[in-house]
Number of protein chains: 2
Amino acid sequence: MHQILIYEDNERLRNSLELLLKGMPNMNVVGGFGNCDKVIEQVKNLSPTVILMDIDMPGEGGIIGVEKVKRHFPEVFVLMFTVFDDDERLMACLRSGANGYLLKKTSPLQIIDAIENVASGGAPMTPEIARRVLETFKVERKIPSDLGLTPREMQVLELLIKGHTYKMIAHDFSISVETVRSHLKNIYEKMHVNNGNEAVAKALRMRLFE
Amino acid sequence: MHQILIYEDNERLRNSLELLLKGMPNMNVVGGFGNCDKVIEQVKNLSPTVILMDIDMPGEGGIIGVEKVKRHFPEVFVLMFTVFDDDERLMACLRSGANGYLLKKTSPLQIIDAIENVASGGAPMTPEIARRVLETFKVERKIPSDLGLTPREMQVLELLIKGHTYKMIAHDFSISVETVRSHLKNIYEKMHVNNGNEAVAKALRMRLFE
DNA sequence: CTATCAATAGCACTTTTGGGGGATAACGGA
DNA sequence: TCCGTTATCCCCCAAAAGTGCTATTGATAG
């Protein structure tokens, strides 16, 4: 028997959902609210196994909601349920540990399906959502853009990132500090930055080093 | 009409798949092979719209296969199809741009479904696969490591990462350079680093900023 | 009420960095 | 052979950064 808690500010929709789920033999709706302001307390009292969570609600929305729930009750399954499908929110929810992500145009049958699914450890999402998740996978591993740094410059930059001073770098390579200086000057110019901090940040963001 | 190309080393299974797909009115199997050794050439000649790709094959397996295909023909949809479900391979495929990921225990009906789905831009995956993808999302954002930096210190560090000098930071916040200095001193101590470069590197690696 | 902490600020002093000039030797391709 | 690139080195000099102290204020937790 799935104990279901619903967060959805549109009352009509919330009631429809309740009706739909109550019609199922193995589902029990333990509550429904219009925002997540008291989500911790409510989850503690109602002990749901699955939460249907809208994203856009007045007061505390679903993104804060899923974060809170997952931090305090990681064992409760949270299914996001929204009309909004921008990547920002999607990613925010997934990072917070949402167990699934449905668009509101999902059919009632699929919603039932998704609840069963998430309760048995799956992660239901529409193929469209899945596609976007995969997209970010690809872009996160973007190509190491070539700045035209020479091998030596890369070595120097690497040590700079480690926090070594010019003097230490010079010592490491048994070259003069002046040479290190020259390399750094060239590095900064090639990277279009004005100081070490910026170069370090840019290098790491470009994943020149890990 | 979907033009389908199959890579699967088990001949019996490959033939079953061909039969299954040929039975559909809108699917045409343009070829089937037992390894990916000549995948580029084959794709060029056969012009598939969707590729069903097994992972474990003698010679060049599906992981190399999907990489090659996606590099040379990014518009072709690649659906991974495998008994193996270890995370390593899964992630390798997804990073290379696979459009979906099915386990072999998937029913024929679902396979048909998945092909339709991937061809219309979705990313079919079993809820189980989806769950694992979400897992890695969470772990990738690991260590909420709390360094105990105060809000102000975070702001200062953020600007440092942007390459601002102490003077610029002071100006940005309308505070004295001495104060910026103080903050940085505290930041370096809390982070156990000795200079800005190291702090920037550490902050970015800890994903304090993105 | 007090102790702690965050944020602010100052000063003295040293070291490091960055920007501007150079220069030379070695190597490799056009 | 000549030119471009790489790696090396030098000088000057001003600006920036880093270290070690102290100190005041306001908010907050106990």
Side-chain angles (χ1 to χ4, degrees), chain A residues 37 40-41 64 68 71-72 143-206 208-209, chain B residues 143-209:
Chain A
D37 293 352
I40 299 297
E41 202 185 320
I64 298 181
K68 282 187 174 180
R71 185 155 52 236
H72 293 270
I143 21 167
S145 9
D146 193 8
L147 291 169
L149 295 190
T150 68
R152 196 50 143 186
E153 284 164 358
M154 287 293 278
Q155 294 173 335
V156 171
L157 182 53
E158 189 169 10
L159 291 187
L160 190 77
I161 291 175
K162 281 193 185 164
H164 291 203
T165 64
Y166 290 15
K167 200 188 287 184
M168 291 161 75
I169 298 173
H171 182 261
D172 282 338
F173 293 140
S174 304
I175 57 180
S176 129
V177 176
E178 293 306 322
T179 307
V180 176
R181 222 187 233 310
S182 291
H183 287 314
L184 264 309
K185 275 186 250 185
N186 293 330
I187 290 170
Y188 294 162
E189 194 175 351
K190 286 180 182 174
M191 295 182 81
H192 305 293
V193 299
N194 299 305
N195 60 47
N197 293 330
E198 216 181 334
V200 169
K202 196 157 186 174
L204 288 179
R205 290 199 167 119
M206 293 179 103
L208 291 185
F209 304 92
Chain B
I143 353 170
S145 1
D146 194 7
L147 291 169
L149 294 190
T150 68
R152 196 50 141 187
E153 284 164 357
M154 287 292 278
Q155 294 173 334
V156 171
L157 182 53
E158 191 171 8
L159 291 188
L160 190 77
I161 290 175
K162 281 193 188 164
H164 290 205
T165 65
Y166 289 17
K167 198 187 287 183
M168 290 160 77
I169 297 173
H171 183 260
D172 282 338
F173 293 139
S174 304
I175 58 180
S176 126
V177 176
E178 293 304 323
T179 306
V180 176
R181 235 183 225 309
S182 292
H183 288 313
L184 265 308
K185 276 182 247 183
N186 294 329
I187 290 170
Y188 294 163
E189 195 173 351
K190 285 179 183 175
M191 296 182 80
H192 306 292
V193 299
N194 299 307
N195 59 49
N197 293 330
E198 216 180 334
V200 169
K202 195 159 186 170
L204 288 180
R205 290 197 167 122
M206 292 177 106
R207 313 230 190 275
L208 291 183
F209 303 93

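In this text, all values refer to a predicted model and were calculated from it rather than measured experimentally.
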Asks: Rounding to an integer number of Å, can you tell me how far A:E189 CD sits from C:dG21 P?
Replies: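 That distance rounds to 11 Å.
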Asks: Evaluate the side-chain contact (heavy atoms from CB on, under 4.5 Å) criterion for residues B:F209 and B:M154: first the C-alpha distance (whole Å), next the side-chain angles of each, then the deciding distance (0.1 Å), finally the verdict.
Replies: CA-CA 9 Å; B:F209 303 93; B:M154 287 292 278; 3.9 Å; yes
Asks: How long is the line joining CD1 of A:I187 and P of C:dG19, in whole Å?
Replies: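 After rounding, the reported distance stands at 13 Å.
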Asks: For A:D172 and D:dT8, what is the distance between atoms CG and P respectively, to the nearest whole Å?
Replies: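 From A:D172 CG to D:dT8 P: 13 Å.
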Asks: Is A:H171 atom NE2 crowded by more than 12 heavy atoms from other residues, nucleotides or ligands, each under 6.0 Å away?
Replies: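 No - once you tally the heavy atoms of other residues, nucleotides and ligands closer than 6.0 Å, there are 12 at most.
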Asks: Decide side-chain contact (heavy atoms from CB on, under 4.5 Å) for A:V180 and A:F173; before the verdict, give the C-alpha distance in whole Å, the side-chain angles of both, and the deciding distance to 0.1 Å.
Replies: CA-CA 9 Å; A:V180 176; A:F173 293 140; 5.7 Å; no
Asks: Within the 4.5 Å heavy-atom criterion, are B:V200 and B:L204 side-chain neighbours or not?
Replies: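 Of all side-chain heavy-atom pairs linking B:L204 with B:V200, at least one is under 4.5 Å.
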Asks: Hey, which of these two, A:V177 or A:K190, hits DNA chain D nearer its 5' end, going by closest nucleotide?
Replies: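 First, find each residue's nearest nucleotide; the 5'-ward one identifies A:K190.
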Asks: Report, as yes or no, whether the 6.0 Å neighbourhood of atom NZ on B:K190 holds more than 12 heavy atoms from other residues, nucleotides or ligands.
Replies: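 Result for NZ/B:K190: enclosed.
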Asks: Does B:M191 reach the side chain of B:L157, with side-chain heavy atoms less than 4.5 Å apart?
Replies: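 B:M191 vs B:L157: side chains touch.
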Asks: Looking across every strand, which nucleic acid part, if any, lies under 4.0 Å from A:T179 by heavy atom: base, sugar-phosphate, or nothing?
Replies: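 Base, at least one base heavy atom under 4.0 Å.
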Asks: For each nucleotide in nucleotides 24-30 of chain C, reading 5' to 3', give B when a protein heavy atom comes within less than 4.0 Å of its base, S when such contact involves only the sugar-phosphate, and - otherwise.
Replies: -------
Asks: Looking at B:L184, B:L147, B:I187, which hits side chain to side chain contact (heavy atoms under 4.5 Å, CB included) with B:E153?
Replies: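 For B:E153, the side chain to side chain contact (heavy atoms under 4.5 Å, CB included) check succeeds only for B:I187.
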Asks: Output the rounded distance in Å from CG (A:N186) to C1' (D:dT8).
Replies: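 Those two atoms, CG and C1', are 12 Å apart.
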Asks: What is the distance from CD1 of A:I169 to P of D:dA7, rounded to the nearest Å?
Replies: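 In whole Å, D:dA7 P lies 15 Å from A:I169 CD1.
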Asks: How would nucleotides 13-30 of chain D be written as a contact map, 5' to 3', with B for base contact, S for sugar-phosphate-only contact and - for no contact, using protein heavy atoms under 4.0 Å?
Replies: ---SSBBBB---------
Asks: Looking at A:K68, I want to see if its NZ is surrounded by more than 12 non-hydrogen atoms of other residues, nucleotides or ligands under 6.0 Å.
Replies: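 Yes, because the 6.0 Å sphere around NZ of A:K68 holds more than 12 heavy atoms from other groups.
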Asks: Tell me: CD of A:E153 to P of D:dT5, nearest whole Å?
Replies: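 Distance, rounded to whole Å: 12 Å.
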Asks: May I have the distance from A:H183 (atom NE2) to C:dT17 (atom P), rounded to whole angstrom?
Replies: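 So the NE2-P distance, A:H183 to C:dT17, works out to 15 Å.
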Asks: Whole angstroms only, please: what is the CZ-P distance between A:R152 and D:dT6?
Replies: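 A:R152 atom CZ is separated from D:dT6 atom P by 14 Å.
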Asks: Could you walk me through whether B:T150 and B:N186 pass the side-chain contact (heavy atoms from CB on, under 4.5 Å) check?
Replies: CA-CA 10 Å; B:T150 68; B:N186 294 329; over 6 Å; no
